[in-house]
Trainee: 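The structure follows.
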Protein chains: 2
Amino acid sequence: MKLKDDRKVELIYQAALKLVARKGLAGITMGDISREAGIATGTLYVYFTGKDELINALFACSRANSVQVAFRGYDASQPFKPGFRTVWMNILRYKLQHFEEVVFLEQCFHSPYITAETREKARELATPFYDLIERGQQEQLIKQADTSLLLTFIMGALNELVKQTHYSNETLSKRKIDLTFELCWDALKA
Amino acid sequence: MKLKDDRKVELIYQAALKLVARKGLAGITMGDISREAGIATGTLYVYFTGKDELINALFACSRANSVQVAFRGYDASQPFKPGFRTVWMNILRYKLQHFEEVVFLEQCFHSPYITAETREKARELATPFYDLIERGQQEQLIKQADTSLLLTFIMGALNELVKQTHYSNETLSKRKIDLTFELCWDALKA
DNA sequence: CGTATAAATGAATAATTATTCGCTTACCTT
DNA sequence: AAGGTAAGCGAATAATTATTCATTTATACG
């Protein structure tokens, strides 16, 4: 018998991400996705039970990806600031390189597709970020404010920056990146 | 003869905003809007030529509203920091009170509904904000960085904060508001 | 008041889109 | 190499949703 092709799932995901970044979640059809992926519409239903499941799976996957990369190269034994910078940089780089995921996640958040369960799992993935900020607070380097507030502030700023960068299609220079880190750090530092 | 009823347009807008905040732009139908507004579906077509026009009009209106309020009480002759705080506070307050518009504008940005023209008009509305930041830079109070970068940073942070506040349905205490302003100011200040 | 005019209605229609299904093709197993 | 099983296909169908339209209702104006 013929087996399912994992690369095909990836193909479908890429097609969906591309279309959502271009047209928004509101303007995306199963036909569009299959055409963009270069497969038949019916094939989508071999891999997913329907549109809802496709979007939920892609949401979970995108979300997991973006978190997974964040702590690459982070070493808890090194001082806080450079460690924080490593994570911060990982996040920024990932978001810049995966702009489509940024848009997709944003659009999904208020959508009829994402189930409460999918949403809950996405939330849980954020705990390492909380831990990181709390470490900085324990070391008196970061403001003693609600952790969630600080995190929200930074992530919102980063996200918007990534979007803005994309629209103006410049590449963020090293100078600008350093500057932006400075903005973040100055905002957070005690 | 019977005249068009301006309050009805407002009713339609409110219904659409409410639904988009709840279900996203992807999950909203003309039937839903009319039901939520308490009018017949056909009546929507008395006021708008179709769904596209409705969404574009609401986008333009929402965007204009949020900008219009920002400079209320701002006096260019007073020192920069309190003036900036006034504007900042206006924006925050407006966004908190009009959460639905925040979500709607965000969802629209990547959607097939909004035309290039509508988008361009929205962009033009932002110039007073650029002017404000530039004033701060001239007075050496604000970092000498790309104005658009600074603005993007702040607006992204604020937006995310408003969303986060809404989801956790707490009311932002004065303490937290002051704290958040401090984050913004520390980020921007030279 | 009465009438003309346009708003308002909501069921009917048109258009779009998700999903199914009978068939073909590929490829794993033995 | 042959058979069997599931992937892959895309036209057909089902479901949903935008839009129209014949009719009713409200109201501005004479």
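Within every chain, numbering begins at 1; the chains are lettered A, B, ... in the order of the sequence lines, protein sequences first and strands thereafter. Worth knowing before you read on, the calculation uses all heavy atoms, side chains too, and leaves out hydrogens, waters and symmetry mates.
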Trainee: Look at the side-chain N and O atoms of B/Y47 and state whether any lies under 4.0 Å from the OP1 or OP2 oxygen of C/dA8.
Mentor: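 B/Y47 to C/dA8 OP1/OP2: side-chain N or O found under 4.0 Å.
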Trainee: Does A/T43 place a side-chain N or O at less than 4.0 Å from the phosphate oxygens OP1/OP2 of D/dC9?
Mentor: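 Indeed, a polar side-chain atom of A/T43 lies that close.
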Trainee: Answer with base, sugar-phosphate or nothing: what part of the nucleic acid does B/I39 contact at a heavy-atom distance below 4.0 Å?
Mentor: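 Sugar-phosphate only.
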Trainee: If I take atom CD1 in residue A/I33 and atom P in nucleotide C/dT19, what distance separates them, rounded to the nearest angstrom?
Mentor: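 The distance from CD1 of A/I33 to P of C/dT19 comes to 10 Å, rounded to the nearest Å.
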Trainee: Picking from C/dA18, D/dC9, D/dT17, which would you name as closest to the side chain of A/A40?
Mentor: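 The closest nucleotide is D/dC9.
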Trainee: Have a look at A/I28 and say if it touches a base, only the backbone sugar-phosphate, or nothing, with a 4.0 Å heavy-atom cut-off.
Mentor: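 Result for A/I28 = sugar-phosphate.
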Trainee: In whole angstrom, give the distance that lies between atom CG of B/D5 and atom C1' of D/dT25.
Mentor: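 That distance rounds to 15 Å.
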Trainee: In whole Å, I'd like the distance from the CE atom of B/M30 to the P atom of C/dT9.
Mentor: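 Rounding to the nearest Å, CE of B/M30 and P of C/dT9 are 14 Å apart.
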Trainee: Would you kindly give the CZ-to-P distance between A/R35 and D/dG8, to the nearest whole Å?
Mentor: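 One finds 19 Å between P of D/dG8 and CZ of A/R35, rounded.
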Trainee: Nearest whole angstrom, please: distance from the P of C/dA6 to the NZ of B/K8.
Mentor: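 Between P of C/dA6 and NZ of B/K8: 17 Å.
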Trainee: Map B/G42 and B/K4 onto DNA chain C by nearest heavy atom, then report which one ends up closer to the 5' terminus.
Mentor: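 With B/G42 and B/K4 compared, the 5'-side residue is B/K4.
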Trainee: Using a heavy-atom cut-off of under 4.0 Å over every strand shown, decide if A/F48 touches base, sugar-phosphate, or nothing.
Mentor: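 Here A/F48 touches no strand at all.
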Trainee: If you count every heavy atom of other residues, nucleotides or ligands that lies below 6.0 Å from A/Q78 atom CD, does the total exceed 12?
Mentor: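 More than 12 within 6.0 Å, yes.
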Trainee: Can you work out whether B/L3 or B/T41 has the more 5'-proximal nearest nucleotide on DNA chain C?
Mentor: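 So the residue in question is B/L3.
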Trainee: Output the single nucleotide from C/dT17, C/dA8, D/dA7 whose closest atom is nearest the side chain of A/V46.
Mentor: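 Looking only at heavy atoms from C-beta outward on A/V46, the closest nucleotide is D/dA7.
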Trainee: Verify the contact: side-chain N or O of B/K2 to OP1 or OP2 of D/dA28, cut-off strictly under 4.0 Å; return yes or no.
Mentor: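 Answer no for this pair, as no side-chain N or O of B/K2 is under 4.0 Å from OP1 or OP2.
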Trainee: Taking CG from B/D32 and C1' from D/dT16, how many angstroms apart are they, rounded to a whole number?
Mentor: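 Roughly 11 Å, once rounded to whole Å.
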Trainee: To the nearest Å, how far apart are A/L11 CG and D/dA7 C1'?
Mentor: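 Going from CG in A/L11 over to C1' in D/dA7 covers 15 Å.
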Trainee: Can you check the A/K51 NZ to D/dA14 C1' distance for me, whole Å?
Mentor: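 Whole-Å distance recorded here is 16 Å.
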Trainee: Salt bridge between A/D131 and A/R135, side-chain N to carboxylate O under 4.0 Å?
Mentor: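 Here A/D131 does not pair with A/R135 in a salt bridge, since their nearest N and O are not under 4.0 Å apart.
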Trainee: May I ask you to evaluate whether A/Y45 reaches the phosphate of D/dC9, defined as a side-chain N or O under 4.0 Å from OP1 or OP2?
Mentor: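 The answer is no; no side-chain N or O of A/Y45 sits under 4.0 Å from OP1 or OP2.
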Trainee: Considering every strand and a 4.0 Å limit on heavy-atom distances, what is the contact class for B/L54: base, sugar-phosphate, or nothing?
Mentor: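 No contact.
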Trainee: Step through it carefully: locate the ring centre of A/F109, locate the ring centre of B/H166, and say whether they are under 6.0 Å apart.
Mentor: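 No, too far apart.
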Trainee: Heavy-atom count around A/E117 CD within 6.0 Å, excluding the residue itself: above 12?
Mentor: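 Atom CD in A/E117 is not crowded, with 12 or fewer foreign heavy atoms closer than 6.0 Å.
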Trainee: Name the one of A/T171, A/L92, A/L172, A/T180 that satisfies side-chain contact (heavy atoms from CB on, under 4.5 Å) with A/T165?
Mentor: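 Answer after filtering A/T171, A/L92, A/L172, A/T180: A/L172.
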